[in-house]
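Structure first, then comments.
In what follows, chains are A, B, ... by sequence order, proteins preceding strands, each numbered from 1.
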2 protein chains.
Amino acid sequence: MTGAARPRPPTHTRDIARAAVRAELAHVAFELFSRDGFDKVTLDDLAAAAGVSRSTFLRYFGTKEDAVLAAYDGHDRRTADALRARPPAEDDWTALRRALDTVIERYHEDPAGSLATTRLVRETPALCARHLEKQHGWRPALAEALAERAGTPGDVTVGHTVRAAAALDCLNVALDHWTASDGRLDLVDLLDEAFAALTGA
Amino acid sequence: MTGAARPRPPTHTRDIARAAVRAELAHVAFELFSRDGFDKVTLDDLAAAAGVSRSTFLRYFGTKEDAVLAAYDGHDRRTADALRARPPAEDDWTALRRALDTVIERYHEDPAGSLATTRLVRETPALCARHLEKQHGWRPALAEALAERAGTPGDVTVGHTVRAAAALDCLNVALDHWTASDGRLDLVDLLDEAFAALTGA
DNA sequence: TGCGAATGTGACACTGAGTGTCACGTTAGC
DNA sequence: GCTAACGTGACACTCAGTGTCACATTCGCA
């Protein structure tokens with residue numbers, strides 16, 4: 001019965017400030033990584049460039065990789081929510097394809113920035129690996145959303161998981177080609193093509 | 001014109017000995033990891049347990065993770081070869097499914113060992129991540145094999161890549177369920193179910 | 001307005017992974 | 001037997017990531 005149970009204080013001021021600092025740190029980090037290469041930049045470099053201590057930087061981002069990959073935070077929840085919002089009668093593939101529009105949106109909002117980020121991630125083995133790992137974590141959320149759509153929440157079948165995974169593959173492959181084309185190819189077309197290759201083959 | 005161009009000396013004795021040492025090191029490492037947990041075991045522990053120096057251990061396996069994941073070496077090449085060996089008329093899905101029998105075989109040869117390895121990998125974030133990364137590297141080889149089957153070697157389409165990726169997902173999801181069932185469920189059935197969820201949905 | 005607690009930050013020490021280098025001993029080829 | 005290549009061990013080094021501590025600021029509350 002101590003005052004331990006206070007997860008959210010009355011004021012959100014701190015949280016807002018914290019988010020702003022986080023964004024600024026991510027920005028500085030991205031600039032350095034792009035200029036010098038991810039591996040060449042040390043945590044000390046980042047801290048110095050951002051004007052904070054190494055400790056502080058690591059408090060905002062647990063790892064060097066996270067400073068870049070934070071850009072993808074929330075994609076899983078948003079996609080899962082979009083999936084749940086699709087008409088219940090819609091088949092899984094269509095629902096997944098439409099849910100991914102939520103992700104694609106972000107790329108259309110800032111094509112140049114998205115392209116630069118994607119390119120950095122794909123070209124840096126450490127980032128690529130960590131991104132793969134994080135994205136792998138999206139799978140359960142999507143599979144669960146599919147199970148809910150099927151009217152059996154909590155009962156995630158092999159099928160739900162496989163389809164969720166395949167949909168993420170489609171996204172990745174489409175992004176690979178989009179990046180390789182320097183953003184000239186249409187992301188929507190690429191994603192449609194990827195899904196088509198899956199459903200009708 | 002110096003004697004630099006001699007990639008393979010007359011005798012293979014060294015290579016054979018090297019492979020044996022490598023296998024022994026992997027075995028010792030696996031025992032330690034299983035007993036104490038991957039993260040608790042340091043490179044010094046491994047070296048001491050194997051009776052070699054830390055340097056030597058790192059020469060055989062570039063990273064701690066590789067000492068475990070070396071078990072999967074060659075799976076990509078074998079699967080791609082199996083894919084190329086399938087009848088040209090066979091559709092991609094069937095060919096992929098059959099090619100994965102090559103991988104499944106290994107699990108039937110030593111179910112207990114495979115189960116232990118798979119479990120260790122899935123339960124250890126660092127191993128899971130590294131495995132994901134390595135397996136991601138199989139994709140191009142499989143996609144290229146599909147392109148060759150299509151009579152267009154070198155021309156890897158979005159479809160080839162997506163189907164290769166999806167097939168690997170099927171393998172992973174099937175293995176997840178197999179591991180979760182302590183090896184009681186049939187791996188072949190699980191893999192069939194995964195592919196079925198993909199092709200007919 | 002002032003007090004106390006929580007919180008953000010910096011400084012520091014520490015562990016452990018991975019890299020590179022060098023010297024030594026063994027082994028293989030001639 | 002001589003020589004060159006190779007495997008190994010012993011270091012030293014960099015850097016990521018963790019944990020701890022003290023200090024300062026800020027917020028909640030009286």
Task: Nearest-Å distance for atom pair CG/P, residues Leu127(A) and dA16(D) - done: 13 Å

Open item on the list: By the 4.0 Å heavy-atom rule, please label Ser55(B) as base, sugar-phosphate, or nothing.
Closed with: base

Open item on the list: Rounding to an integer number of Å, can you tell me how far Asp66(A) CG sits from dG17(D) C1'?
Closed with: 12 Å

Open item on the list: Testing the 3.5 Å rule here: is there a donor-acceptor pair between the side chains of Asp76(B) and Thr79(B)?
Closed with: no

TODO: Rounded off to whole Å, could you give me the CZ-to-P distance for the Phe57(A) and dA11(C) pair?
DONE: 16 Å

Open item on the list: Taking the cut-offs as 6.0 angstrom to the six-membered ring centre and 45 degrees off its axis, would you call Arg35(A) and Phe30(A) a cation-pi pair?
Closed with: no

TODO: May I have the distance from Asp36(A) (atom CG) to dC15(D) (atom C1'), rounded to whole angstrom?
DONE: 16 Å

Task: Aromatic plane relationship, Tyr72(A) with His75(A) - under 30° parallel, 30 to 60° tilted, over 60° perpendicular - done: perpendicular

- [ ] Round to the nearest Å and state the distance from Arg18(A) atom CZ to dT9(C) atom P.
- [x] 7 Å

Open item on the list: With a 3.5 Å distance limit and no angle check, can you tell me whether Asn172(A) reaches the backbone of Asp169(A) through a side-chain donor-acceptor pair?
Closed with: no

Open item on the list: If you assign each of Gly51(B) and Leu58(A) to its closest nucleotide in DNA chain D, which residue comes earlier from the 5' end?
Closed with: Gly51(B)

Task: Integer-rounded Å distance: dA13(C) P and Arg54(A) CZ - done: 13 Å

- [ ] Starting at atom CG of Leu46(A), determine the distance to atom C1' of dG17(D), rounded to an integer number of angstrom.
- [x] 14 Å

Task: 5' priority, DNA chain C, between Arg59(B) and Thr56(A) [closest heavy atom] - done: Thr56(A)

TODO: Check every strand shown and say whether Leu43(A) touches a base, only sugar-phosphate, or nothing at a heavy-atom separation below 4.0 Å.
DONE: sugar-phosphate

Open item on the list: Can you tell me which nucleotide in dG18(C), dA17(C), dG9(D) comes closest to the side chain of Thr63(B)?
Closed with: dG18(C)

TODO: Just call it for Val41(B): base, sugar-phosphate, or nothing, with non-hydrogen atoms closer than 4.0 Å on any strand.
DONE: sugar-phosphate

Task: Whole angstrom value for the distance that separates P of dT14(D) from NZ of Lys40(A) - done: 15 Å

TODO: Give a yes-or-no answer on whether the side chains of Ser53(A) and Thr56(A) include a donor-acceptor pair shorter than 3.5 Å.
DONE: yes

- [ ] Report yes if at least one side-chain N or O of Tyr60(B) is closer than 4.0 Å to OP1 or OP2 of dT8(D); otherwise report no.
- [x] yes

